[in-house]
Amino acid sequence: MTAFSVVVRWLENFPDTPGSCQRHLLQSWKQFALLLLTGLLLRAFTFGDPNLHVDEAFYFLVGQEMHHGSIPYVDIWDRKPLGLFLIYYFIAGISTSVLAYQIVAWLFASSTAMVINCIARRWAGIQGGLLAGACYLAMLGPLEGFGGQTPVFYNLFIASGALLLLNAWPELEKGQPTWRTFAAMALCGLAITVKQTALFEASFFGLFVIYCMARSGAPAVRTGATILACAGLGALPFLAIGTAYCWNRHWHAWWHAMVTSNVAKLGQPLATTAHNSLVMFARLYPVLALSFAGLLIANGEALERKANWFIGLWIAAATMGVLSIPNFYTHYALPLLVPLTIASSPILGRRDVGVFLSTLLVAFSMVLFNPTARGEREQSIQSMKKLTTAIEQHDLGGGLLVYDGPPQLYALSGKRPLTPLSFPPPSQSLDRAKREPV
């Protein structure tokens with residue numbers, strides 16, 4: 001018997017009792033309140049920083065510019081799908097303060113953690129579900145998801161789709177798809193309009209539906225209709241956006257942003273790609289190890305074996321999404337957190353071991369990203385105020401061009417971008433832009 005099998009056997013035999021979670025956190029609203037509070041504590045010190053990360057500062061600028069009549073890809077350009085900019089458009093309609101998108105991002109992150117909890121507690125109990133959700137929130141920081149990166153939003157759609165499919169599984173095995181199946185596909189379609197790489201997870205969910213229907217022995221007509229309906233619901237949001245651009249004679253601008261510009265995008269030097277991938281792995285490896293252990297020690301009951309296969313294949317699909325854009329920036333790994341933390345839940349659900357391992361994971365995350373570093377945020381806020389004041393003092397009534405600086409300077413100074421190409425150039429270091437003050 002190898003040392004590894006001994007460890008696995010020991011974990012399987014470790015006491016697994018309900019503990020205080022079962023006694024005090026049985027109601028779902030209490031679990032959601034706890035995850036909301038956890039998410040707030042991990043993010044509150046970043047609130048108010050207009051230069052939190054170059055990506056989300058630009059997305060918020062686009063949302064504000066849309067209120068001035070700008071059309072994404074025509075008047076202001078980026079490769080992200082319109083769904084992302086519509087999220088920021090609605091947020092900017094509430095308030096132009098950066099607090100608006102940061103609070104919404106917090107609510108999305110904690111809601112995603114709650115969905116993770118709902119999935120995981122099916123076979124890991126209340127403790128396993130809550131700790132899986134809490135680990136998701138804790139790991140967002142080290143992976144640059146402390147603000148409004150795209151996966152912070154679309155992870156909620158993907159996770160909710162997975163929960164709906166798992167709830168619909170018994171009916172699918174009988175060849176009787178319900179509203180949950182179609183709602184899951186619609187949510188996947190929305191996720192694709194926020195980031196194209198969500199296509200891989202959405203495709204896995206679609207293939208899962210096809211697999212269940214094919215094995216159910218349902219009539220071919222019903223199976224075919226279900227597949228067509230699922231494919232149509234998944235593709236409908238993206239196709240509707242493309243149709244709208246075509247109708248308004250902006251098809252070429254939209255197609256270039258969504259497809260041709262991504263195909264023609266220059267890759268990074270091999271040394272940079274290798275460095276980025278190592279950094280990504282170094283930040284992910286604790287949750288990777290936990291997920292591997294969680295899948296190994298899950299009980300051998302039929303339901304849990306099937307669930308393990310579902311989660312394992314989901315991890316593979318999310319990994320394909322990461323590999324499809326081989327720049328390997330750290331925040332590209334954010335979609336992996338949802339299935340990885342769910343896979344970790346069986347071991348996190350073992351009372352003493354789970355609490356110990358989750359504590360180690362949170363400590364690891366705080367070494368990489370200190371959520372209480374308000375001094376750094378205040379320095380960034382003050383630097384942005386000084387820059388805005390300098391712009392206003394030297395304003396002779398002309399335009400403003402921010403070439404290698406924070407995009408939010410346009411909004412703070414009351415200026416409109418002079419060019420559709422307003423995202424900072426590649427020369428601006430993403431590592432510098434995401435945290436260091438101006």
Side-chain angles (χ1 to χ4, degrees), residues 43 46-109 112 140 143-157 190-198 237-238 241 253-254 257-258 261-262 265 325 327 329-332 334-335 380 384 402 404-413 415-417 419-426 428 430 432-435 438:
R43 287 170 174 262
T46 67
F47 285 177
D49 184 357
N51 192 33
L52 192 58
H53 195 290
V54 64
D55 287 354
E56 58 208 55
F58 176 74
Y59 305 151
F60 196 42
L61 172 66
V62 175
Q64 295 174 77
E65 284 298 304
M66 290 172 69
H67 282 278
H68 296 298
S70 293
I71 301 174
Y73 322 123
V74 178
D75 302 307
I76 189 163
W77 194 87
D78 195 60
R79 293 185 177 91
K80 297 295 189 298
L82 185 65
L84 173 65
F85 299 128
L86 287 175
I87 291 173
Y88 276 93
Y89 169 79
F90 289 124
I91 295 172
I94 299 172
S95 173
T96 56
S97 168
V98 293
L99 272 172
Y101 89 78
Q102 290 164 357
I103 289 173
V104 172
W106 155 51
L107 295 175
F108 265 76
T112 305
L140 288 176
L143 295 179
E144 301 173 12
F146 41 74
Q149 284 286 1
T150 53
V152 172
F153 296 106
Y154 78 77
N155 276 354
L156 177 59
F157 302 144
L190 291 177
I192 295 170
T193 68
V194 179
K195 184 71 179 289
Q196 297 97 319
T197 52
F238 201 80
I241 292 171
W254 178 80
M258 294 297 98
S261 66
N262 288 285
K265 187 178 180 181
I325 306 178
N327 290 330
Y329 295 128
T330 304
H331 58 276
Y332 285 9
L334 287 169
S380 178
M384 290 290 284
V402 179
D404 192 4
Q408 195 61 17
L409 282 174
Y410 288 111
L412 293 175
S413 61
K415 296 291 185 179
R416 304 283 305 280
T419 168
L421 303 177
S422 300
F423 191 83
Q428 176 165 309
L430 286 177
R432 172 166 58 85
K434 74 191 178 191
R435 292 180 188 171
V438 181

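Quantities reported herein were computed from a predicted structural model and do not represent experimental measurements.
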Hey, could you give me the [atom1]/[atom2] distance between [X] and [Y], rounded to the nearest 0.5 Å?
X: Ile76; Y: Thr419; atom1: CD1; atom2: OG1; value: 9.0 Å
X: Ser70; Y: Leu61; atom1: OG; atom2: CG; value: 8.5 Å
X: Arg79; Y: Tyr73; atom1: CZ; atom2: OH; value: 12.0 Å
X: Lys195; Y: Phe157; atom1: NZ; atom2: CZ; value: 15.0 Å
X: Leu412; Y: Thr96; atom1: CG; atom2: OG1; value: 9.0 Å
X: Tyr89; Y: Glu65; atom1: OH; atom2: CD; value: 12.5 Å

Test item: [X] and [Y] side chains (from C-beta on) under 4.5 Å apart, heavy atoms:
X: Tyr88; Y: Gln64; answer: no
X: Ile87; Y: Val194; answer: yes
X: Arg43; Y: Gln102; answer: no
X: Met384; Y: Pro406; answer: yes
X: Glu56; Y: Gln149; answer: yes
X: Pro420; Y: Asp75; answer: no
X: Glu144; Y: Leu334; answer: no
X: Pro335; Y: Thr197; answer: no

Please check if the distance between the ring centroids of Phe153 and Trp106 is under 6.0 Å. no

Applying ring pair (Phe, Tyr, Trp, His ring centres under 6.0 Å) to Phe58 and Trp77, what does each step give before you reach the verdict? CA-CA 10 Å; Phe58 176 74; Trp77 194 87; 9.3 Å; no

Closest heavy-atom pair and its distance - [X], [Y]:
X: Phe108; Y: Leu156; value: CD2-CD2, 3.7 Å
X: Ala253; Y: Val74; value: CB-CG2, 4.0 Å
X: Ala257; Y: Asn262; value: O-ND2, 3.1 Å
X: Tyr410; Y: Val402; value: OH-N, 2.9 Å
X: Pro72; Y: Val62; value: CG-CG1, 4.3 Å
X: Ile103; Y: Phe47; value: CG1-CE1, 4.2 Å

Are Gln408 and Asn51 close enough, and set up right, to give a side-chain contact (heavy atoms from CB on, under 4.5 Å), and what steps lead you there? CA-CA 7 Å; Gln408 195 61 17; Asn51 192 33; over 6 Å; no

Name the orientation class of the two ring planes belonging to Tyr329 and His331 (parallel below 30°, tilted from 30 to 60°, perpendicular beyond 60°). parallel

Where does the angle between the aromatic ring planes of Phe85 and Tyr59 fall among parallel (under 30°), tilted (30 to 60°) and perpendicular (over 60°)? perpendicular

When you look at Asp49 and Val98, which way does the side-chain contact (heavy atoms from CB on, under 4.5 Å) test go after all the steps? CA-CA 7 Å; Asp49 184 357; Val98 293; over 6 Å; no

Using only heavy-atom distances, determine whether the side chains of Thr112 and Asn155 contain a donor-acceptor pair under 3.5 Å. no

